[in-house]
Amino acid sequence: MKYQAPRGVKDLLPPDSETFRRLEDEIREVFGRSGFREVRLPIFESADLFSRSIGESTDIVEKEMYLFSGKGGESLALRPEGTASLIRAAIEHHLAEPGRVERLYYQGPMFRHERPQAGRLRQFHQAGAELLGSSDPDDDVDLIATVSRHAQATNVPASRLLINSMGCPKCRPAYREILVNYLVKNRDLLCETCQRRTETNPLRVLDCKVPSCQPVLEAAPHLVEFLCPESRNHFEQVCRGLEGESLSFTVTHRLVRGLDYYTETAFEWVSDALGAQSTWAAGGRYNGLVRHLGGADVPGVGLAIGLERLLLLRELAGTLPQATRPAVHIAIHPLEETARPYAHRILAALRHQGISAVGIFGQARIKRAFLQAEREGALFIGLLGGDELSAGTITLKHLGSGIQKTLPAFPPEVLAETLRAPWTP
RNA sequence: GUGAGUGUAGCUCAAGGGCAGAGCACUGGACUGUGGCUCCAGGGGUUGGGGGUUCGAAACCCCUCACUCACCCCA
């Protein structure tokens, strides 16, 4: 085997490609019903956009981006996530303006250079929704409800919603200092990675899963206890709103975001039915991001769904959208050389009538032609021999019932109608 | 980036130092303008790749690549 797909990328073949397509369409529908409209974003951007928005000290930027240079030497990157691109586009096209509310969604492949494993690919797909221009906690609640309700309706197994507050630029630095003091005091009890992160990205230490770190981290001060009055109020209203919607959630003090631009509410949906990569959707509020990227002071809240992970869950639940192969209505087989042009004429005429039709040209024996017609999913086979050619007819056989009729091939409107009518004994 | 487990026909898998095999799929025939069933026959492989040990390697050793899972990170 000479060539094979690069590591961590996957070919999606029928019927899996059709199933995936249906899942994407379903998510478009869900976002669309909540008022979001699609933006098509480029697959690469200036590398700088991602390091500025995601954060220099995150793994994504430090070691997982696919970087390359443009002809002019500019530094470009395949997008590792969608929010940065969407916000860039919203600023560029003046959709992120004070007082203006925009609901936008995107969908498509993302790229991160990681070691592949269950639910983790180097090219994977995300669908994300972003609501710009509102800082109202009920918009957080509504966005969360959109995904949670759909998860309920499609029986996503063992799914739990976790939420936390990341605070705001007013209160997070104070908490950060308190946390760093606590971590430094307990430095000897922490793993090497945590010791290093205490300097570089202290909030991430809370996310550590090394067993020996757990007692220290469990006892660490909780961010929610140090929120400023505004942030506290926002978080409480989100919690109350979710309760009002009867959406169950768990406040998880050690839930933090890997991406620096999140403020206030952070949330994610996890499922024990997945492997180690248990998060299938995640999001949060990012009130500082638009300005951070050079736009106006416009708040935002958004989320992204990992489509491959959702697909795994829906497969387990048995609620995957039905993969439908495009139906071939009729397969047309010329029995003699002289009937070939006639076959082409009928194929074109039927397709023009909206009937899907394939030609079977490469089979010398009629038995093979029947087998191929079945394999291609045809409902009918149309046989064209010398008799049909001279009489201007076509011999139709309905493959399901075995009913056979020889009818005029033209006008095509009449033939198309015959093919659409039920053929029962 | 680290670790473990797997790589044999298109697919699912046998053979565990001594002739590389089965089922399904594929191709041809029985069957010349009428399919699915059946029967008969056939094609397919440098055993992921490279090197080594051995009279002899799919098997044992080393390197490498890929897949799977876990760490890490994240959707």
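Letters go in sequence order (proteins before strands), and every chain restarts at 1.
Heavy-atom distances to RNA chain B give each of Pro6(A) and Leu274(A) a nearest nucleotide, and the one nearer the 5′ end belongs to Pro6(A).
Across A70(B), A75(B), C72(B), the shortest atom-to-atom separation from the side chain of Asp59(A) is found for C72(B). For Arg375(A), the listed nucleotide lying nearest its side chain is C26(B); candidates were A75(B), C26(B), C69(B).
Applying the Watson-Crick and G-U wobble criteria (two distances, each under 3.5 Å), C60(B) pairs with G52(B). Under the Watson-Crick or G-U wobble criterion, with both distances below 3.5 Å, U47(B) has no partner in any strand shown. The base-pairing partner of U6(B), taking Watson-Crick or G-U wobble contacts with both distances under 3.5 Å, is A66(B). Under the Watson-Crick or G-U wobble criterion, with both distances below 3.5 Å, A25(B) is left unpaired in every strand shown. Base-pair partner of A20(B): not found among the strands shown (Watson-Crick or G-U wobble, both distances under 3.5 Å).
Under a 4.0 Å N-O distance rule, the pair Arg33(A)/Glu29(A) qualifies as a salt bridge.
Distance noted for atom P between C40(B) and C31(B): 16 Å (whole Å). Rounded to the nearest Å, the gap between the C1' atom of U47(B) and that of A59(B) is 10 Å. Comparing G56(B) with A20(B), their P atoms are spaced 15 Å from each other, to the whole Å. Across the C1' atoms, U53(B) and A66(B) are found 26 Å apart, a figure rounded to whole Å. Across C62(B) and C26(B), the matching P atoms stand 42 Å from one another, rounded to whole Å.
For A75(B), the base is not stacked against the aromatic ring of Trp280(A), per a cut-off of 5.5 Å between centres and 30° between planes.
Rounded to whole Å, the distance from CD on Gln277(A) to C1' on C72(B) is 9 Å. Rounded to whole angstrom, the span from the CD atom of Glu114(A) across to the P atom of C74(B) amounts to 8 Å. We find that CZ of Arg365(A) is positioned 7 Å from P of G33(B), with the value rounded to whole Å.
Put simply, the side chain of Arg309(A) and the base of C74(B) share a donor and an acceptor less than 3.5 Å apart.
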Per-nucleotide protein contact string for nucleotides 34-45 of chain B, where B marks a base within reach and S marks sugar-phosphate only (heavy atoms under 4.0 Å, - for neither): BBB---------
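Aromatic pair Phe68(A)/Phe44(A): ring centres closer than 6.0 Å.
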